[in-house]
> 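Take a look at the following structure, please.
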Amino acid sequence: MKTAICYYSRHHGNTLKVLEAMAPEGALDLIDVTTRQTVRLDDYDCIGFASGIYGFEFQKAVVAFARQYLPEGKPVFFVYTYGGAKGTGAKAVADIAREKHCPILGEFSCKGYDTFGPFKMVGGIAKGHPDAQDLENARRFYREIQESCTGGSET
Ligand SMILES: Cc1cc2nc3c(=O)[nH]c(=O)nc-3n(C[C@H](O)[C@H](O)[C@H](O)COP(=O)(O)O)c2cc1C
């Protein structure tokens, strides 16, 4: 099974840490949505979208990427990290997935070190996250995604 995760991770690279923990579990391509490239998501069995939460939602570039490149009917899942208030989480990308009749396999989220705005004055919040337990949970989530995606494509 071949999976791509299209991601945006800038604040402290928290989301990327989670994705890099998942990567050894199986054939996984990580696609930074901000780099110019020709993208063919048709070749993948399953597509993930991942982002830090900024202003209570997914970064807009990830949402725009999903709108432009997500193929109709492709199984999807979502991954995100947040400092303390996840807001609408993956809702914007999930709405696009539903419009494109893509089965939603699940979502994983955990806290990520946050020094945005006033939090910087107090040394940040969610210090140390994602931690070893978060990364183990992420790996387990990805194994389950692989199982459900493989099961789905074989029936
Ligand atoms: C501009 C900005 C806005 C943020 N807004 C939120 C927010 O609304 N809710 C929240 O829980 N965390 C918020 N955070 C914290 C990030 O979601 C958190 O640190 C996340 O792990 C960042 O992911 P990244 O390191 O992969 O970019 C914000 C961070 C930044 C820089």
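Sequential numbering from 1 along the given sequence is applied to the chain's residues.
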> Under the criterion side chain to side chain contact (heavy atoms under 4.5 Å, CB included), I'd like the reasoning laid out for Ile5 against Ile31: C-alpha separation, chi angles, the key distance, then a yes or no.
CA-CA 6 Å; Ile5 301 184; Ile31 299 173; over 6 Å; no
> Answer with yes or no whether the side chains of Tyr44 and Asp29 bring together a donor and an acceptor at under 3.5 Å.
yes
> Kindly indicate whether a cation-pi arrangement holds for Arg10 with Tyr8, taking the cut-offs as under 6.0 Å to the six-membered ring centre and within 45° of the axis.
yes
> Any side-chain to backbone donor/acceptor pair from His11 onto Thr115? Under 3.5 Å, distance only.
yes
> Before giving the answer on side chain to side chain contact (heavy atoms under 4.5 Å, CB included), spell out for Phe77 and Thr3 the whole-Å C-alpha distance, their side-chain angles and the decisive distance to 0.1 Å.
CA-CA 10 Å; Phe77 61 96; Thr3 305; 3.8 Å; yes
> Could you tell me whether Glu25 and Arg143 make a salt bridge, using a distance below 4.0 angstrom between a side-chain N and a carboxylate O?
yes
> Are side-chain heavy atoms of Phe78 and Phe108 found at a separation under 4.5 Å?
no
> Working note: Thr15 + Tyr80, criterion side chain to side chain contact (heavy atoms under 4.5 Å, CB included); need CA distance, chi angles, decisive distance, verdict.
CA-CA 6 Å; Thr15 311; Tyr80 57 93; 5.8 Å; no
> Quick check: does any side chain N or O of Lys74 sit under 3.5 Å from a backbone N or O of Asp42, one acting as donor and the other as acceptor?
yes
> Using a 4.5 Å cut-off on heavy atoms from C-beta on, say whether the side chain of Ser9 contacts that of Asn14.
no
> Does any non-hydrogen side-chain atom of Leu16 lie less than 4.5 Å from one of Asp32?
no
> Within the supplied structure, the quantity of interest is the number of heavy atoms (other residues, nucleotides, ligands) at a distance under 6.0 Å from Lys91 NZ; does it exceed 12?
no
> Using modelled atom types only, decide if a donor and an acceptor are shared between the side chain of Asp131 and the backbone of Gly128 within a distance under 3.5 Å.
no
> Under a 4.5 Å cut-off applied to non-hydrogen side-chain atoms, are Ser109 and Ile53 in contact?
no
> In this structure, are over 12 heavy atoms from other groups packed under 6.0 Å from Phe119 atom CZ?
no
> Report yes if some heavy atom in the side chain of Val33 is under 4.5 Å from a heavy atom in the side chain of Tyr7; otherwise report no.
no
> Are any of the side-chain nitrogens in Glu20 or Lys17 under 4.0 Å away from the carboxylate oxygens of its partner?
no
> Using a 4.5 Å cut-off on heavy atoms from C-beta on, say whether the side chain of Val79 contacts that of Met22.
yes
> State the NZ-NZ distance between Lys111 and Lys86, to the nearest 0.5 angstrom.
9.5 Å
> Is the shortest side-chain heavy-atom distance between Leu28 and Tyr142 below 4.5 Å?
yes
> Hey, is the main chain of Lys2 close enough, under 3.5 Å, to the side chain of Asp45 for a donor-acceptor pair?
yes
> Is the backbone N or O of Phe58 less than 3.5 Å from a side-chain atom of Ser51, with the two atoms forming a donor-acceptor pair by type?
no
> If I take atom SG from residue Cys102 and atom CG from residue Leu70, how far apart are they, to the nearest 0.5 angstrom?
4.0 Å
> For the pair Leu135 and Val18, evaluate side chain to side chain contact (heavy atoms under 4.5 Å, CB included) and give the outcome as yes or no after the intermediate values.
CA-CA 6 Å; Leu135 299 182; Val18 170; 4.2 Å; yes
> Quick check: do Val76 and Cys46 have side-chain heavy atoms less than 4.5 Å from each other?
no
> Assess the side chains of Thr81 and Tyr113: does a donor N or O sit below 3.5 Å from an acceptor N or O?
no
